[in-house]
Amino acid sequence: VNHPRAAGIPYLHVGMAAYRIPGYYPTNNEWRVVYSDSCVPYKYMDILADSSWKSAEWLKFFALVVGGTMTLFLWSSTFLILRINYWKACGIGLGVACLFQLCSLVWFYTKLCHGNSTTYHDFEAGVSQNADVSTLNDDTECTLFFGSRCAITSTVLWGLACALILLREYPHPVPKY
């Protein structure tokens with residue numbers, strides 16, 4: 001994306017699949033992101049996506065599959081009676097989903113969050129003066145925003161569901177007509 005003030009952009013809202021560029025509003029003298037605008041997909045994903053990035057994507061996917069399957073299975077208990085071992089297996093599955101979702105926050109360990117790209121074009125091309133992740137610095141930082149807050153919320157909800165199932169007594173079956 002060729003932006004007229006590419007070098008002067010103070011921040012970007014980045015995510016796992018795309019990013020947003022803030023616009024400058026001279027009347028208020030501030031930079032703001034317009035959330036109704038579409039996100040810009042990464043052009044050089046193969047350069048940006050390091051091992052932490054790929055791990056986070058897979059962990060997020062596994063959390064969705066395991067947690068979604070267990071939720072669907074529990075939902076079937078509204079019209080079916082689950083045996084106690086199936087009930088406990090759902091609790092363990094939700095615990096696994098919680099663990100996967102929690103571990104997906106490893107995305108904050110990516111080179112993108114700890115690099116030292118100095119311009120917008122360097123960021124987009126994945127150019128960083130510091131290519132070694134073991135020597136992280138604080139020139140750029142990633143903070144929690146919508147996607148990561150949703151991941152934290154789902155981690156808490158998966159964990160709460162797991163705890164409610166595994167720590168409480170098995171509900172006595174009620175005949176369903």
**Prompt:** Just how far is it from atom CH2 of Trp87 to atom CD of Glu169, taken to the nearest 0.5 Å?
**Reply:**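 Result: 12.0 Å between the selected atoms.
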Donor-acceptor pairs under 3.5 Å, side chain of residues 150-157 to any protein atom, not counting sequence neighbours: which ones?
{"residue": "Thr153", "atom": "OG1", "partner": "Arg149", "partner atom": "O", "Å": "2.9"}
{"residue": "Ser154", "atom": "OG", "partner": "Cys150", "partner atom": "O", "Å": "3.3"}
{"residue": "Ser154", "atom": "OG", "partner": "Ala151", "partner atom": "O", "Å": "3.0"}
{"residue": "Thr155", "atom": "OG1", "partner": "Ala151", "partner atom": "O", "Å": "2.8"}

Closest approach of [X] and [Y], non-hydrogen atoms and distance?
X: Leu59; Y: Cys103; result: CD1-O, 3.5 Å
X: Ser148; Y: Thr143; result: OG-O, 4.4 Å
X: Ser104; Y: Ala56; result: O-CB, 3.2 Å
X: Ala63; Y: Phe100; result: CB-CB, 3.7 Å
X: Ile165; Y: Gly91; result: CG2-CA, 3.6 Å
X: Gly15; Y: Trp53; result: O-CZ2, 3.7 Å

Group every Ile, Leu, Val, Met, Phe, Trp and Tyr by side-chain heavy-atom contacts under 4.5 Å, then state whether [X] and [Y] land in the same group.
X: Leu64; Y: Met16; result: no
X: Trp158; Y: Leu99; result: no
X: Trp107; Y: Leu105; result: yes

**Message:** Walk me through whether Arg20 and Val40 qualify under side chain to side chain contact (heavy atoms under 4.5 Å, CB included).
**Reply:** CA-CA 6 Å; Arg20 282 199 174 103; Val40 180; over 6 Å; no
**Item:** Members sharing Tyr25's hydrophobic cluster (side chains within less than 4.5 Å)
**Value:**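 Other cluster members: Val34.
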**Message:** Through direct or indirect side-chain contacts below 4.5 angstrom among Ile, Leu, Val, Met, Phe, Trp and Tyr, which residues connect to Leu160?
**Reply:**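 Leu164, which link up through side-chain heavy atoms under 4.5 Å apart, make up the rest of the cluster.
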**Asked** Heavy-atom distance under 4.5 Å between the side chains of Tyr42 and Val14, does that happen here?
**Response**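 Answer yes - side chains close enough.
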**Request:** May I ask you to check whether His13 and Tyr19 place their ring centers less than 6.0 Å from one another?
**Result:**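 No.
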Please list, one pair per line, the donor and acceptor atoms closer than 3.5 Å that link side chains of residues 67-76 to other protein atoms, with sequence neighbours excluded.
{"residue": "Thr69", "atom": "OG1", "partner": "Val65", "partner atom": "O", "Å": "2.6"}
{"residue": "Thr71", "atom": "OG1", "partner": "Gly67", "partner atom": "O", "Å": "2.7"}
{"residue": "Ser76", "atom": "OG", "partner": "Phe73", "partner atom": "O", "Å": "2.4"}

**Item:** Polar side chain donor-acceptor pair, Tyr24 to Asn29, under 3.5 angstrom
**Value:**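 Tyr24 vs Asn29: donor-acceptor pair found between side chains.
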**Request:** Sequence neighbours left out, what passes salt bridge (Lys or Arg N to Asp or Glu O under 4.0 Å) with Glu57? Give chain and number order.
**Result:**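 Partners of Glu57 under the salt bridge (Lys or Arg N to Asp or Glu O under 4.0 Å) test: none.
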**Asked** Can you list the residues that meet the salt bridge (Lys or Arg N to Asp or Glu O under 4.0 Å) rule with Arg32, with sequence neighbours excluded?
**Response**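 Testing Arg32 for salt bridge (Lys or Arg N to Asp or Glu O under 4.0 Å), a comparison that skips the adjacent residues, returns Glu30.
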**Prompt:** Heavy-atom count around Phe146 CZ within 6.0 Å, excluding the residue itself: above 12?
**Reply:**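 Result for CZ/Phe146: open.
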